[in-house]
Amino acid sequence: MKITLDTRFNGSLGPVTLREAVQQLKAYDLTCTVRADAVEQKVTVFSDCVERGFTPLRSEIMAAYYMAERDATTEAFDRGLITEGELEQKRTLLMCQYLA
């Protein structure tokens, strides 16, 4: 069975599709602990991975890894540990790995 965003599963409140679960995550008030744009980017990566045929668990792992790598690279640049060229190169590599 191919898993898509319309795949139904039993959530904590009953049957739900992955698409609905993603919408609920986005609607859930996480802004007090996580920047809204960070949640949106992670949801986008997760949704893209599911649409490409990866399992929800693998998609979650890939989205978390992408966000962690992106944030670590940005922090390294902000601290002067890498050049702007290295920052752009790493971002391009991450985009190719996870979003292409």
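Residues L94 and L87 are members of separate hydrophobic clusters, defined by side-chain heavy-atom contacts under 4.5 angstrom among Ile, Leu, Val, Met, Phe, Trp and Tyr.
Contact check on K90 versus E86 returns no salt bridge, with no Lys/Arg side-chain nitrogen under 4.0 Å from an Asp/Glu carboxylate oxygen.
The main-chain N or O of T17 is found under 3.5 Å from a side-chain atom of E20 such that the two form a donor-acceptor pair.
For E88, the CD atom is densely surrounded, since the number of other residues' heavy atoms within 6.0 Å is greater than 12.
Put simply, OG1 on T74 and CD1 on I82 are 8.0 Å apart, with the number rounded to the nearest 0.5 Å. Distance check, rounded to the nearest 0.5 Å: CG of L81 to OG1 of T73 gives 11.0 Å.
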